[in-house]
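In what follows, a single structure is set out as structure tokens and then discussed.
Please read all numbers here as calculations on a predicted model, not as lab measurements. These values consider heavy atoms only, across backbone and side chains, with no hydrogens, waters or symmetry-generated copies.
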Amino acid sequence: MATDTAKKSYNRLHSMASFRDDWDCKIAPDITLSIVVLGASGDLAKKKTFPALFALYKQGFLPKATQIIGYARSKLTDEALHERLTPYLKGEEQQVAKFLKLCLYVQGDYTPDAPGYQQLSQHIEEWEQQPNSPAGRLFYLALPPYVYPEVCQGLSHACSNLGPNPHSSSWVRAIVEKPFGNDLDSSEELCEQLGALFPENQLYRIDHYLGKELSQNLLVMRWANPIFGAWWNRHYVNNVQISFKEDFGTQGRGGYFDTYGIIRDVIQNHLTQLLALIAMECPVSNHPDDIRDEKCKVLRCIAPLKLEDVVLGQYTAGNGQPGYLEDSTVPDDSRAPTYAACRLQINNERWAGVPFVLRAGKALNERSVVVRIQLHENPVPLFGSQGAQQQMRNEFVMRLQPGEAIYAKMVVKKPGLEMATDMSELDLSYGERYSDVKIPDAYERLILDCIRGDQQHFVRRDELRAAWSIFTPLLHAIDRGEAQLEPYEYGSRGPAGQDPFLAAAGYKRTAGYNWKPSKSSEQAA
């Protein structure tokens, strides 16, 4: 009997092309899980991490044997932590109370030899006193990156040892937040430090944009629908824009932002990850590393940016709001860009010659994140003049926020007796089509992925290296003061220089057209 089982196992393994083909991500039903939130007294933990854990708890996604330990330098009791968290936990009072019973607090320093790590280890080991059950240890570092090396050293030495004979399904994982360095060299240094303590399969570099609903839909939409395969290339696509807009400034919190600027804060990570999902080739399988292999390949096809490839700006006072330099936390002579538009070229067979424009800005006229894929115009217009047709290009648009939607702009006959054309759209507004579905927060999804062991939506080290390689020369030029910052008024569309820049990238705005979100999308927004 045992021989037959071994033979079947051998045959199954040797019938696969790769061990990735046998990949699966499931939570062991009898797992004993400890989730440690380091930086538990900070804003990120109380506003994002703990509410995401509570949402998973409400929906039954956390294992039955779960404990959540908050760790920070602040001197708090369990009850004091609960009081801090309660205003941010949205649900019935009884549910909140039950969830908080899972949460305890350990006070300790972040230095590698701090006694607090031993206390953490004691709590974890006591929780895991269940024979023959797998153990899971998830460390969420809701902390600034400069303390990652010493915190990971403390965790690795005191809290990562699963014992002499760990269960085959036991695991240790660590989630770290961006920014992952501020250029290629600092990123590589941080990766070396963390990699010496946690191997790559235990490190989960979180980028919450990869947890957004439409970001995750990109993979399904592209590769489950043959209709997209025919035109998703340079033969049909004229240009691609990925735009991030915020309608507020630094609001007195410019000190952090000023050390990074808009490129490091948004474009190098969030928007570059979206670009990779849009431009990548079809992966061999759904295995996280097959997907990340393709993302890394396409990023490596992008040449480093130069100053002539960007438009940079900094907002000034307007519409009753102060300018960036009027923020008391910002240096008077700051050269940090609050707006950037970057034109990238992907040098491969699919995308050669198609400009990809990544642009992001603060204090603009609206809040939105939009992907816009604009196609070439019809080479031989049947309806109207060539000039009119150029202003009515097909576009495929994905609106990540606010109010998730996917729509395709197309030319149709305008209702009436005349043969007149009009620009309309095929529209999938999530708030209308999925009105009875709650779209989960990105942090909920990504924490659950980590518990499941699915690294698909986390940034691998070689992806990070490829992304920093694109932007580091430009960032160093900006840091040396070689870049010109164009002022733009608070609440405006951005610097005036963006319009000729976009035109040079091939973009043509549809005259007189405005997408009208459905009522449900407006409510979702």
Side-chain angles (χ1 to χ4, degrees), residues 38 110 112 139-157 160 172-210 256-276 280 288-289 291-307 309-310 336 340 342 344 346-347 358 450 455-480 482:
L38 296 108
Y110 297 132
F139 304 115
Y140 193 118
L141 278 64
L143 295 165
Y146 68 85
V147 298
Y148 286 173
E150 58 182 357
V151 170
C152 286
Q153 191 175 339
L155 292 172
S156 177
H157 292 165
S160 296
V172 175
R173 294 167 189 151
I175 295 178
V176 292
E177 286 271 356
K178 77 170 187 72
F180 312 117
N182 55 30
D183 62 7
L184 179 58
D185 288 343
S186 60
S187 174
E188 283 291 284
E189 181 182 2
L190 182 59
C191 285
E192 283 292 325
Q193 291 172 322
L194 300 190
L197 301 166
F198 290 96
E200 189 67 26
N201 67 346
Q202 293 182 352
L203 270 178
Y204 287 67
R205 298 178 189 88
I206 194 170
D207 183 330
H208 74 273
Y209 264 60
L210 292 177
Y256 165 82
F257 179 85
D258 196 73
T259 60
Y260 292 98
I262 197 70
I263 296 176
R264 288 184 175 100
D265 193 41
V266 177
I267 295 179
Q268 180 273 335
N269 36 69
H270 301 329
L271 302 194
T272 301
Q273 285 294 317
L274 291 176
L275 177 150
M280 63 183 271
D289 282 323
I291 293 169
R292 296 190 295 180
D293 284 349
E294 297 304 329
K295 288 167 62 184
C296 189
K297 284 179 189 177
V298 79
L299 293 178
R300 290 175 58 200
C301 292
I302 301 174
L305 286 170
K306 301 175 183 178
L307 286 174
D309 299 320
V310 299
C342 307
L344 293 80
I346 300 175
N347 299 311
L358 311 187
C450 183
Q455 290 186 298
Q456 176 186 157
H457 303 115
F458 295 84
V459 182
R460 202 169 63 187
R461 179 175 177 175
D462 54 351
E463 281 184 82
L464 192 59
R465 184 188 300 119
W468 275 121
S469 296
I470 298 167
F471 292 96
T472 291
L474 171 66
L475 291 167
H476 285 176
I478 295 171
D479 294 341
R480 291 191 299 266
E482 298 172 7

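- With contacts defined as side-chain heavy-atom distances shorter than 4.5 Å, the pair L38/L155 qualifies.
- Residues satisfying the side-chain hydrogen bond (donor to acceptor under 3.5 Å, both in side chains) test with D183, not counting sequence neighbours, are S186, H476.
- Although no hydrogens or angles enter the test, the distance criterion places no donor-acceptor pair under 3.5 Å between the side chain of W468 and the main chain of E188.
- Here CD1 of I175 is found 9.5 Å from CG of L141. Values are rounded to the nearest 0.5 Å.
- Between I478 atom CD1 and I262 atom CD1 the span is 11.5 Å, to the nearest 0.5 Å.
- Taking every heavy atom of both residues into account, E177 and P145 meet most closely at O-CG, 4.3 Å.
- Comment: R465 does not engage D462 in a salt bridge, judged by the lack of any side-chain N to carboxylate O separation of less than 4.0 angstrom.
- Note that CG of L464 and CG of D207 are 10.0 Å apart. Values are rounded to the nearest 0.5 Å.
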### Query
Given L210 and V459, is the side chain to side chain contact (heavy atoms under 4.5 Å, CB included) satisfied, shown in steps?
CA-CA 9 Å; L210 292 177; V459 182; 4.2 Å; yes
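- Of all the heavy atoms in V298 and I302, the pair that sits closest is O-CG1, 3.7 Å.
- A parallel orientation is assigned to the rings of Y209 and H270, their planes being inclined by less than 30° (bins at 30° and 60°).
- Contact detail for F180 and I206: the closest heavy-atom pair is CZ-O, 3.6 Å.
- In terms of heavy-atom proximity, I263 sits nearest to L474 at CD1-CD2, 3.9 Å.
- Shown here are the side chain to side chain contact (heavy atoms under 4.5 Å, CB included) partners of Y260, two or more places apart in sequence or in another chain: P179, N182, Y256, R264.
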### Full working for side chain to side chain contact (heavy atoms under 4.5 Å, CB included) between F139 and S160
CA-CA 10 Å; F139 304 115; S160 296; 4.1 Å; yes
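- Screening T272, D309, V310, L271 for a side chain to side chain contact (heavy atoms under 4.5 Å, CB included) involving C342 leaves a single residue, V310.
- Taking CZ of R173 as the reference point, atom CG of L203 lies at 12.0 Å (rounded to 0.5 Å).
- A side chain to side chain donor-acceptor pair (under 3.5 Å) check over residues 294-307, counting only residues at least two apart or in different chains, returns the pairs Q273-K295, E294-K297, K295-E463.
- Distance check: D265 CG to D258 CG gives 11.5 Å after rounding to the nearest 0.5 Å.
- Note on residues 193-203: pairs passing salt bridge (Lys or Arg N to Asp or Glu O under 4.0 Å), not counting sequence neighbours, are E200-R205.
- Every residue two or more places apart in sequence or in another chain was checked for a ring pair (Phe, Tyr, Trp, His ring centres under 6.0 Å) with F198, and none qualifies.
- Residues L475 and L305 are not in side-chain contact: their nearest non-hydrogen atoms beyond the backbone lie 4.5 Å or more apart.
- Here the CD-CD1 distance, from Q268 to I470, works out to 8.5 Å after rounding to the nearest 0.5 Å.
- Under the side chain to side chain donor-acceptor pair (under 3.5 Å) criterion, no residue pair touches residues 142-157, with sequence neighbours excluded.
- Checking H457, Q455, R461 one by one against R292, the side chain to side chain contact (heavy atoms under 4.5 Å, CB included) holds for a single residue, Q455.
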#### Entry: Step-by-step side chain to side chain contact (heavy atoms under 4.5 Å, CB included) determination, L358 to V266
CA-CA 10 Å; L358 311 187; V266 177; over 6 Å; no
### Task
Mind running side chain to side chain contact (heavy atoms under 4.5 Å, CB included) on L190 and V176 for me, showing each step along the way?
CA-CA 11 Å; L190 182 59; V176 292; over 6 Å; no
